[in-house]
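Data first, discussion second: the structure below is written as structure tokens.
Below, each value reflects all heavy atoms present in this structure, side chains not excepted, and no hydrogens, waters or symmetry copies.
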Amino acid sequence: MEGSDNVEVAFQSALNTILLWDSTVAAGEGISRFLLAVDDVRRWMESTVGEAASDDRSEADNAMSRAMARLKHEFENILTSDTAPRYSTCSSSLSDSSSYELHDEDDMDYDLPSSETISDLRSIAVRMSPGGYLGECVKVYSSARKALVNLHFHGLGVERLSTGDVRRMEWQLLDLEIKKWIRAVKVCVRIIFTKEWHLCKQVFQGLGKPGTDSACFRMAVKDAATHLFNFADAITNIRPSPERLFRILDIHEALSDLLPDLDVLFSSTRIQVAEVVIPRLSEVVREILQRYEDDLLFEVSPELAPGGAIHTLTIYVMKYVVRISNYEQTLTRLIAIKREIDWEIPTAELIELEERTPLELHLIWILEKLRFKLEVKSKHYANVSLANFFMMNNIQYVVGEILTCPKLRGMITNDFLTRLMKTVQQAATSYERATFVKVLSCLRPERLKVKGLSKSAFKKRIKTFNSMFEEVHKTQVKWSVPDFQLRKKLRLSITQEVLSAYRSFTEQHSNVFGCLKYTPEDLEAACLELFEGDVPVRVAKAIIKNLEGDVPHLAELESVLCRISRLIANKRFLLVLDDVWTGNKSKWEPFFYALRSGASGSKILVTARNEMIAKMMSSAHTIQLGQLSRQDCWSLFSQIAFSGRSKEEYEQLKDIGRKIADRCKGSLIAGKAVGRLMRFKNTAQDWQDVLDDIWEWEEAAREFYSLCIK
């Protein structure tokens with residue numbers, strides 16, 4: 001009887017607490033006492049089923065109804081008091097395999113309510129569940145959390161666009177929307193949705209019907225999730241074109257990376273994304289790749305690059321190829337079938353191609369077609385020298401892009417790359433032959449077999465040479481060889497050829513030296529000025545590219561320099577001009593004038609091979625750099641030349657390598673340049689051939705650097 005009396009007393013006390021709650025609870029007091037009262041009333045009702053008087057049962061039912069209404073109100077108050085967006089630098093993910101690193105503006109976290117708040121929500125949900133009131137609780141919860149999710153989603157800046165909107169939108173605007181979408185989908189899935197999923201589990205897991213917690217989560221994130229995945233589906237309906245390839249690949253990779261998370265969060269959405277959206281995106285990618293091949297195959301633009309410069313087609317194709325290599329893993333999965341290609345390449349290369357993936361074959365085919373297109377374009381030049389110069393420049397650009405992109409280099413066969421490099425060498429040799437054979441023909445010994453050449457005959461021949469050389473110099477000093485190593489090698493080769501013929505000729509006729517217009521030193525300086533192009537314009541554009549991330553579409557030097565002046569205004573800077581050849585002060589003066597807008601303390605560091613350059617620059621301080629020691633030169637050379645080689649290769653080639661390093665005569669430039677050259681020489685005979693090429697080492701030994709600070 002005593003136990004029954006205690007239950008009855010507790011019941012009456014609980015009824016009073018529930019019925020008088022509004023008037024007795026002090027502001028800010030917790031709800032623990034109220035929850036205990038609900039528990040006491042429920043225990044009384046369970047213990048007195050079929051025994052309690054009807055009045056008591058009615059009073060208990062009325063109290064529980066009021067309690068549930070009160071708890072619903074408290075539940076809503078707790079939720080709505082914790083809806084302000086909060087930001088931090090932590091990220092969340094469902095599993096280690098699906099971790100996502102956030103960077104810069106993506107460093108947004110979505111904080112959950114405190115553990116105490118979650119405990120209160122769970123306690124209320126537990127009390128409301130047995131009486132059939134959990135549905136009310138879920139409705140309040142999903143409504144409050146949905147508002148918060150949508151608030152954060154809106155803050156990510158993603159527009160609500162229909163399929164029609166996406167199809168009609170200009171690409172520049174759509175490209176921006178895709179960038180925002182990629183960020184948003186990662187933030188939402190990995191942070192917002194994941195945390196909402198965990199919160200639902202903490203509040204509702206095990207309550208009500210099975211899956212109540214998951215259903216509540218889906219209601220909370222439905223609007224944001226539907227918008228996100230509808231946008232991805234809409235992208236599959238846009239017109240495929242090459243410039244859109246990489247954004248579509250970004251979407252493809254983002255969704256593929258998120259599949260493990262979607263598997264946990266939305267099983268049905270995961271199926272839709274994995275079996276419908278991603279396959280559609282894959283088809284769009286394959287269609288774009290095919291369209292790009294067709295565009296390249298049928299490209300017939302008659303446009304020529306002025307001065308044999310890099311053609312816009314070459315730049316366009318190589319940007320495309322380099323960017324494709326950055327998506328190697330994804331595209332290797334998407335391009336899984338090797339298609340039939342009618343290769344027009346040597347048989348030996350075909351054997352190596354058999355081991356390559358369909359993606360690698362696709363890239364090699366594109367590069368081969370580019371080479372063919374460049375050959376066709378070169379034939380449109382009336383000047384044979386310029387045609388070969390054009391081929392040399394453009395194929396070297398292709399080679400340079402391959403060598404400076406590790407991923408692309410790994411996808412291109414050695415045989416194919418070697419053939420491209422040989423094409424560059426052949427074009428350079430053909431250019432030299434077409435340009436200087438005629439210029440130097442009047443200096444050749446076979447043209448001067450008659451003894452006692454008269455002074456007038458000598459003057460005529462030397463005048464002819466002067467005129468022809470000056471014409472070549474006047475024209476080709478404006479031509480440009482963007483690749484530093486190629487430009488250097490070509491200049492040295494031309495200088496060697498011209499000076500050798502000129503000295504031989506003048507030494508045979510020393511009695512008429514007074515008729516000479518140029519000394520050998522004059523000719524050497526003139527040869528070293530070839531292929532400069534508009535040097536200050538190129539340097540100025542390179543500065544703007546480093547400052548703004550893009551090359552300006554400005555043709556006039558004045559416009560480019562004005563932009564630089566604005567960009568560096570009142571800012572301290574250090575500018576390094578490496579290996580300056582042009583000593584024409586008038587070319588550099590406007591450039592240096594534009595740099596005066598920088599703040600006090602700015603410095604210009606110039607490296608050059610000619611001390612006159614340092615003087616032209618009005619240097620405040622000049623440093624003559626000495627030669628490397630024999631051991632340091634070998635260390636530098638071997639580090640580069642033997643990079644990636646096996647121990648056996650090192651042992652086989654090191655003796656010849658030491659002799660080659662010795663021939664560099666301590667020259668830093670020669671050691672690095674020849675080291676890079678030897679990386680592509682694989683046999684002992686190849687190394688011996690380089691060692692035997694005497695004149696290159698004599699030229700390299702004469703190189704020096706002047707270091708000057710302006």
(message) Determine whether the aromatic ring centres of residues W687 and F642 are separated by less than 6.0 angstrom.
(response)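 Yes, they do, as the ring centres are separated by less than 6.0 Å.
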(request) With sequence neighbours left out, write down each residue that passes ring-ring contact (aromatic ring centres under 6.0 Å, His included) with F390, or none if nothing qualifies. (result)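 With neighbours one apart ignored, the set is Y381.
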(request) Please name all residues satisfying side-chain hydrogen bond (donor to acceptor under 3.5 Å, both in side chains) with D522, sequence neighbours left out, ordered by chain then number. (result)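 For D522, the residues satisfying side-chain hydrogen bond (donor to acceptor under 3.5 Å, both in side chains) (neighbours in sequence not counted) are T519.
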(message) Would R323 and F246 count as a cation-pi pair here, with the cationic atom under 6.0 angstrom from the ring centre and within 45° of the axis?
(response)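 Yes, a cation-pi geometry.
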(request) Measure the spacing between CD1 of I335 and OG1 of T357 and express it to the nearest 0.5 Å. (result) 8.0 Å
Tell me, do [X] and [Y] make a side-chain contact under 4.5 Å, heavy atoms counted?
X    : Y    : result
Y316 : P242 : yes
H311 : L304 : no
L289 : L331 : yes

Taking [atom1] in [X] as the centre, count heavy atoms belonging to other residues, nucleotides or ligands within less than 6.0 Å. Is the count above 12?
X    : atom1 : value
E243 : CD    : yes
R630 : CZ    : no
E649 : CD    : yes

[X] with [Y]: basic N within carboxylate O range, under 4.0 Å:
X    : Y    : result
E651 : K647 : no
D294 : R291 : no
R419 : E368 : yes

(message) In terms of relative ring orientation, are F469 and F436 parallel, tilted or perpendicular, with 30° and 60° separating the classes?
(response)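 Taking F436 first and then F469, their aromatic rings sit tilted (interplane angle of 30° to 60°).
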